Amino acid sequence: MEFSGGIGDLQRRLAEGPAGLARRSAAKITLCPRPGGHYLDVGCGGGHLLRDLATEMQNRGSVVGIDISDQQLEAARQHCAAFPIVAARRGDVTDLDMADASLDGLACIQVLEYVEDLDRAFAEIARVVKPGGRIGLVSVLWDAFLFTGPEADLNAQMNLVWRAHCPHQMLPAQKPKRLSEVGFEEVVQSPISHFETAYEQDCAGYSVAKVMAAFAAAQGVADDVIQQWLDQLAAAYEEGRYGFLSSPVLTEAVRRT
């Protein structure tokens with residue numbers, strides 16, 4: 001799924017809201033960034049975590065963000081223009097352009113579930129993190145991701161189509177074993193669930209619904225079906241029976257010494 005154009009704008013709006021802030025804060029706390037350290041944000045999007053890390057590091061050390069979207073990278077550069085220690089560049093988690101054991105910490109928020117070659121991705125993460133270095137990986141439990149309010153069959157249809165947007169629906173369940181196999185220990189997992197009952201432009205669910213609608217259209221779902229679903233979400237909110245639940249999980253671990 002491409003996070004560019006209008007979808008990129010919606011992704012950055014999500015990052016700026018409470019749900020995005022909670023994930024970002026959890027990852028930052030996990031990394032324990034220190035002045036003079038070296039950190040990587042895989043899938044940096046609009047650069048919000050890059051700026052948070054650089055601030056915590058008192059602008060000393062290095063913070064690199066990688067993304068596959070030029071639009072997101074340009075937004076990240078603008079967002080972090082006041083921080084010379086920040087660099088944002090094109091990159092792929094399956095082929096990191098970094099030296100072995102060069103990082104004190106690595107964050108990856110809602111990226112790995114979209115990566116086909118997970119074996120290569122986890123191997124690369126292990127390669128670039130120093131012994132004793134920390135990682136904070138956030139992925140969503142997509143089977144526990146849902147809207148309530150629309151008619152049940154229509155809602156189920158939209159959710160079924162949405163499942164195709166990423167290849168790894170329940171990745172948090174795999175992470176402890178995968179991380180242990182590539183040399184990480186002290187693996188701890190914590191839910192960062194987000195629930196809301198408002199359906200307005202500044203809400204996560206509102207933006208997510210627009211992303212789902214765009215994806216459904218690209219998958220060939222009829223425009224009238226998509227619009228009916230969106231209308232039912234809005235109606236459910238007006239009638240006081242709307243809900244949106246997202247269930248991300250933070251996985252933290254330490255590179256084995």
Side-chain angles (χ1 to χ4, degrees), residues 1 3 11 14-15 18-34 37-45 48-50 52-53 56 63-67 91-94 96 98 101-145 163 165-195 204 208 245-257:
M1 185 171 178
F3 288 93
Q11 191 276 336
L14 283 167
L21 176 60
R23 298 169 203 192
R24 205 161 61 243
S25 297
K28 185 182 74 171
I29 291 169
T30 295
L31 296 190
C32 300
R34 56 177 177 78
H38 303 283
Y39 300 88
L40 173 66
D41 180 14
V42 175
C44 64
H48 298 83
L49 180 58
L50 300 179
D52 292 348
L53 292 172
E56 193 83 4
V63 184
V64 175
I66 64 170
D67 207 290
D92 184 335
V93 69
T94 64
L96 294 172
M98 293 193 147
S102 58
L103 297 175
D104 296 287
L106 178 149
C108 187
I109 299 177
Q110 279 188 242
V111 172
L112 290 173
E113 54 258 61
Y114 298 96
V115 176
E116 292 285 352
D117 191 350
L118 281 177
D119 289 341
R120 182 64 182 166
F122 280 102
E124 279 291 272
I125 289 171
R127 179 183 66 79
V128 299
V129 176
K130 297 176 182 178
R134 302 186 62 84
I135 61 171
L137 314 178
V138 177
S139 292
V140 172
L141 293 167
W142 290 106
D143 284 357
F145 173 94
R163 288 183 67 86
H165 91 286
C166 77
H168 307 289
Q169 294 291 312
M170 297 292 282
L171 184 55
Q174 300 180 29
K175 283 181 178 177
K177 184 174 186 294
R178 285 185 173 275
L179 289 171
S180 178
E181 289 173 344
V182 296
F184 285 91
E185 58 188 6
E186 300 180 38
V187 179
V188 177
Q189 294 187 291
S190 308
I192 323 171
S193 295
H194 176 78
F195 178 72
V208 169
L245 173 68
S246 178
S247 301
V249 175
L250 168 70
T251 303
E252 52 187 295
V254 177
R255 187 71 169 92
R256 195 174 296 133
T257 56

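All values below were derived from every heavy atom in this structure, side-chain atoms included, with hydrogens, water molecules and symmetry-related copies excluded. Remember, predicted model here, so these are calculated numbers, not experimental data.
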Heavy-atom pair with the smallest gap, counting every atom of [X] and [Y]:
X    : Y    : result
G132 : T257 : N-CG2, 3.7 Å
F122 : V182 : O-CG2, 3.9 Å
D92  : I66  : N-CD1, 4.0 Å
V111 : G43  : CG2-CA, 3.7 Å
P248 : V138 : CB-CG1, 3.8 Å
T30  : G136 : CG2-CA, 3.9 Å

[atom2] on [Y] to [atom1] on [X], rounded to 0.5 Å:
X    : Y    : atom1 : atom2 : answer
L179 : E186 : CG    : CD    : 12.5 Å
I109 : K28  : CD1   : NZ    : 11.5 Å
C44  : D67  : SG    : CG    : 5.0 Å

Discussion item. The criterion is side chain to side chain contact (heavy atoms under 4.5 Å, CB included); which residues satisfy it with D104, sequence neighbours excluded?
Written reply: R34, H38, Y39, K130
Discussion item. Please enumerate all residues that pass side chain to side chain contact (heavy atoms under 4.5 Å, CB included) together with S25, with sequence neighbours excluded.
Written reply: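 Per chain and number, S25 pairs via side chain to side chain contact (heavy atoms under 4.5 Å, CB included) with L21.
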pair [X]-[Y]: side-chain heavy atoms closer than 4.5 Å:
X    : Y    : answer
L106 : L137 : yes
D41  : V63  : no
L40  : L96  : yes
M98  : V64  : yes

Item to complete: Please list all pairs passing the salt bridge (charged side-chain N to carboxylate O under 4.0 Å, His left out) test where one or both residues lie in residues 245-254, with sequence neighbours left out.
Response: R134-E252
Worksheet item: Quick one: side-chain hydrogen bond (donor to acceptor under 3.5 Å, both in side chains) partners of S193, sequence neighbours excluded?
Response: none
Discussion item. Which residues pass the side-chain hydrogen bond (donor to acceptor under 3.5 Å, both in side chains) test with S246, not counting sequence neighbours?
Written reply: R23
Pair up each side-chain donor or acceptor in residues 167-177 with any protein partner under 3.5 Å, not counting sequence neighbours, and list the distances.
residue : atom : partner : partner atom : Å
H168    : NE2  : V115    : O            : 2.8
Q169    : NE2  : R163    : O            : 2.6
Q169    : NE2  : C166    : O            : 3.0
Q174    : OE1  : R178    : NE           : 3.1
K175    : NZ   : S139    : OG           : 2.7
K177    : NZ   : E181    : OE2          : 2.4

Practice prompt. Determine yes or no for a side-chain-to-main-chain donor-acceptor pair under 3.5 angstrom, with R255 supplying the side chain and F184 the backbone.
Written response: no
Worksheet item: Just by modelled atom types, is the T94 backbone N or O under 3.5 Å from a matching donor or acceptor in the R120 side chain?
Response: yes
Item to complete: Not counting sequence neighbours, which residues clear salt bridge (charged side-chain N to carboxylate O under 4.0 Å, His left out) with E113? List them please.
Response: none
